[in-house]
2 protein chains.
Amino acid sequence: MKPTIYDVAKKAGVSIATVSKVINNTGRISEKTRKKIWALMEEMEYQPSVVASALTGKSTYTIGLLIPDLANPFFSEIARSIEDRGHSLGYNIVICSTDYDPEKEAKYTSLLKQKSVDGIILASGFENHKSAKELIRQNFPIAVVAREIPSLEVDTVSIDNFLGGYQGASHLIGLGHKRIAIIARDVWSNRERIRGYKQALEEANLEFDTQMEFVKDSAVESGKELAGKLLDSSAPPSAIFACNDSLAIGVIQAARQRGLTVPKNLSVLGFDDTIWAKISDPPLTTIAQPIREMGYGVMDLLIQEIKGQKHVKQRLILLPKLVERETTLAYTGE
Amino acid sequence: MKPTIYDVAKKAGVSIATVSKVINNTGRISEKTRKKIWALMEEMEYQPSVVASALTGKSTYTIGLLIPDLANPFFSEIARSIEDRGHSLGYNIVICSTDYDPEKEAKYTSLLKQKSVDGIILASGFENHKSAKELIRQNFPIAVVAREIPSLEVDTVSIDNFLGGYQGASHLIGLGHKRIAIIARDVWSNRERIRGYKQALEEANLEFDTQMEFVKDSAVESGKELAGKLLDSSAPPSAIFACNDSLAIGVIQAARQRGLTVPKNLSVLGFDDTIWAKISDPPLTTIAQPIREMGYGVMDLLIQEIKGQKHVKQRLILLPKLVERETTLAYTGE
DNA sequence: ATGAAAGCGCTAACAC
DNA sequence: GTGTTAGCGCTTTCAT
């Protein structure tokens with residue numbers, strides 16, 4: 001059997017209180033007994049049970065992460081950075097993939113609460129805020145990342161999506177493109193990006209497709225398909241702005257399929273700057289989200305919240321940044 | 001405050017034992033009180049504390065997953081499938097990224113034990129088996145996936161790497177290639193794959209590079225670099241077999257950089273069949289590991305172990321399979 | 001069919 | 001400095 005605090009106390013000839021005190025470095029214990037007990041714990045391979053300690057009201061040092069899909073590099077990179085930060089702060093992460101399904105989110109949050117996690121990070125991208133609201137109502141520590149819930153009073157770290165859209169479109173405009181298409185999935189962040197894009201086009205007196213069609217998911221295939229339609233139309237764009245890197249890769253494939261060379265015949269711009277942008281061929285010019293900082297940021301916010309070191313909720317808005325690689329080029333047509 | 005079992009017992013006018021029984025569906029409770037208590041729990045938003053229940057010796061229904069790096073698609077896909085399977089079996093996963101670092105692995109296993117996880121899955125790819133040995137010695141439920149530890153008595157699911165290497169080389173040989181290079185990181189699974197590859201070459205009376213150089217990590221860049229060297233040599237290969245998809249993508253890039261078209265001027269073959277193989281351009285011919293089945297497999301093995309439903313350890317060896325896409329072609333040179 | 005009570009491993013007053 | 005003890009929320013005999 002695993003040794004308990006009683007076992008080490010008995011062996012050390014002291015009370016469990018004393019052992020508890022040396023474990024937690026509290027109270028006044030003589031250097032001598034302290035050392036003796038440490039040695040004993042080592043020898044007996046004693047590990048304090050966080051379950052028991054949690055029952056007395058202390059932390060479990062584990063936090064839940066609700067994320068749509070680890071297969072999406074943006075999310076796996078976010079998860080990784082959250083885990084890293086958590087680890088260095090002494091927390092473990094339990095991962096819950098929601099697949100953009102509000103029901104799964106609800107189920108997981110319930111489970112996580114039963115397990116007494118110290119807090120929950122929501123990275124799920126869908127539009128239903130039921131779980132978040134619920135958690136807030138119950139005063140459960142949460143923080144959200146890469147997703148905005150304008151109507152909720154909650155710690156959040158996200159990027160300025162409007163600016164990202166604006167930057168992207170401006171870059172393309174600066175390159176002389178006149179027909180700039182945008183492809184995106186219909187979610188909040190993308191609608192913001194599209195707003196930014198439209199703003200930039202308007203300022204440049206350029207037209208945009210008022211009939212723009214959304215893509216049903218972020219799969220490469222979907223990007224390829226929609227880009228294909230665009231390229232096959234009577235007035236194909238000379239640049240396509242994809243609202244994430246996967247979609248952008250699909251665009252490149254659609255172009256290549258039609259004998260077009262990127263960026264010579266078509267400029268393509270991505271969003272996120274995940275690893276996919278780097279392994280893309282040619283390497284993708286993209287609007288970078290500071291993924292690492294975002295992960296660190298939410299974790300820090302949540303921990304502060306948990307520890308009660310902070311009494312006013314915050315929204316941390318990081319700024320996206322254009323990363324020029326090799327898929328955009330000055331327009332030379334006509 | 002969160003309601004406890006006492007709160008609902010009091011409100012229901014029964015003892016906590018009764019409530020406990022309806023929660024767990026044990027003992028004999030009249031339909032009437034059963035219903036009343038369920039209703040009450042609903043109304044009070046009561047959630048049993050798994051921490052408290054764990055303290056009485058029951059499961060925590062959480063299992064730890066040690067994995068090198070979520071940024072590697074093979075591992076994030078494995079993680080995803082493990083999580084899926086766990087979820088449907090009622091388990092949560094706490095993710096621990098080890099970065100191939102034995103010390104991190106040791107630290108995490110210790111932490112996980114303190115948290116009383118029900119079991120641990122090891123997917124870490126490095127060569128040090130200290131943690132695994134330790135865990136086994138302590139009789140802690142573990143299972144390993146995508147990694148073999150020939151000397152250890154432990155539940156394992158992996159693939160036949162030798163066969164994978166053999167299949168890959170055979171495919172290339174069948175296409176008429178005579179100069180077939182292989183690039184890999186120096187780890188156990190790859191050494192097996194290389195054995196298979198050599199075997200195939202030998203059977204076909206083909207030579208292989210006895211001076212073959214290993215790559216230092218699985219990054220695309222490393223693959224590109226080494227492939228570059230190979231292609232620039234005096235007797236460049238007409239086909240390159242990369243021991244994972246990332247490396248293969250690097251190979252394609254190296255080829256493209258030199259004006260070679262894949263597969264026309266160079267066949268390239270990957271390994272794993274992660275999503276990268278599908279988004280690669282052209283789509284990568286690769287040796288597929290049945291990732292989903294592997295994840296499901298370990299999870300099942302581990303759960304059986306935990307529940308004591310199984311008294312003999314197993315090794316489940318799944319077979320890899322060639323997936324032909326568009327990066328390999330019959331040799332037409334000379 | 002239901003309840004009393006002991007115990008799971010630990011923390012935190014409080015006493016000595 | 002160290003020990004005693006009452007919980008923490010739940011499960012589980014064993015009575016009734």
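What's counted below: heavy atoms across the whole structure, side chains too, no hydrogens, waters or symmetry copies. Quick note on labels: first sequence line is chain A, next is B, and so on, each numbered from 1.
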At under 4.0 Å, does any side-chain N or O of A/Thr18 touch on OP1 or OP2 of D/dG1? no
Does any N or O in the side chain of A/Asp118 come within less than 3.5 Å of the main-chain N or O of A/Thr60, such that one atom is a donor and the other an acceptor? yes
Nearest-Å distance, NZ (A/Lys36) to C1' (D/dG1)? 13 Å
To the nearest Å, how far apart are A/Ile29 CD1 and D/dG1 C1'? 6 Å
Of A/Thr4 and B/Arg34, whose nearest nucleotide on DNA chain C comes first from the 5' end? B/Arg34
Could you state the NZ-C1' distance from B/Lys58 to C/dC8, rounded to the nearest angstrom? 13 Å
Please tell me if A/Ser20 has a side-chain N or O lying less than 4.0 Å from either OP1 or OP2 of C/dC10. no
Test for a donor-acceptor pair under 3.5 Å between the base of D/dC8 and the side chain of B/Tyr6, counting only N and O atoms. no
A/Ile5 atom CD1 is separated from D/dT2 atom C1', nearest whole Å, by 14 Å
Heavy atoms only, 4.0 Å cut-off, all strands: where does B/Lys21 land among base, sugar-phosphate and nothing? base
State whether the number of non-hydrogen atoms from other residues, nucleotides or ligands found under 6.0 Å of B/Gln309 atom CD is greater than 12. yes
A/Lys130 atom NZ: more than 12 heavy-atom contacts under 6.0 Å: no
Check for me whether A/Arg185 meets the cation-pi criterion with A/Tyr100, that is, NZ or CZ under 6.0 Å from the six-membered ring centre and within 45 degrees of the ring axis. yes
With respect to the side chain of A/Arg28, which nucleotide from D/dG3, D/dC8, D/dG1 is positioned closest? D/dG1
Ion pair present between A/Lys11 and A/Asp7, side-chain N to carboxylate O less than 4.0 angstrom? no
Give the rounded distance in Å between these two atoms: CD of B/Gln114 and P of C/dT11. 11 Å
Quick note, A/Ala52 side chain, CB onward, closest among C/dC10, D/dT11, C/dT11 is C/dC10
Whole-Å gap separating P (D/dC10) and CD (B/Gln47): 11 Å
Would you kindly give the CG-to-P distance between B/Leu55 and C/dC10, to the nearest whole Å? 9 Å
Salt bridge check: are A/Arg137 and B/Glu45 linked by an N-O gap of less than 4.0 Å? yes
State whether B/Tyr46 places a side-chain N or O below 4.0 Å from either non-bridging phosphate oxygen (OP1 or OP2) of D/dC10. yes
Expressed as a whole number of angstroms, how long is the span from B/Lys10:NZ to D/dG9:C1'? 14 Å
NA contact type, A/Ile16, heavy-atom cut-off 4.0 Å: base, sugar-phosphate, or nothing? base
Tell me whether the OP1 or OP2 atom of D/dT2 has a side-chain N or O from A/Ser30 closer than 4.0 Å. yes
Counting the atoms with a prime plus P, OP1 and OP2 as sugar-phosphate, which does B/Thr33 contact under 4.0 Å by heavy atoms, base, sugar-phosphate, or nothing? sugar-phosphate
Check the phosphate of C/dC10 against A/Ser53, side-chain N and O only, distance under 4.0 Å to OP1 or OP2. Yes or no? no
Please determine whether a side-chain nitrogen or oxygen atom of B/Ser15 lies at a distance below 4.0 Å from atom OP1 or OP2 of C/dG3. yes
Is the phosphate of D/dG7, meaning OP1 or OP2, less than 4.0 Å from a side-chain N or O of A/Thr56? no
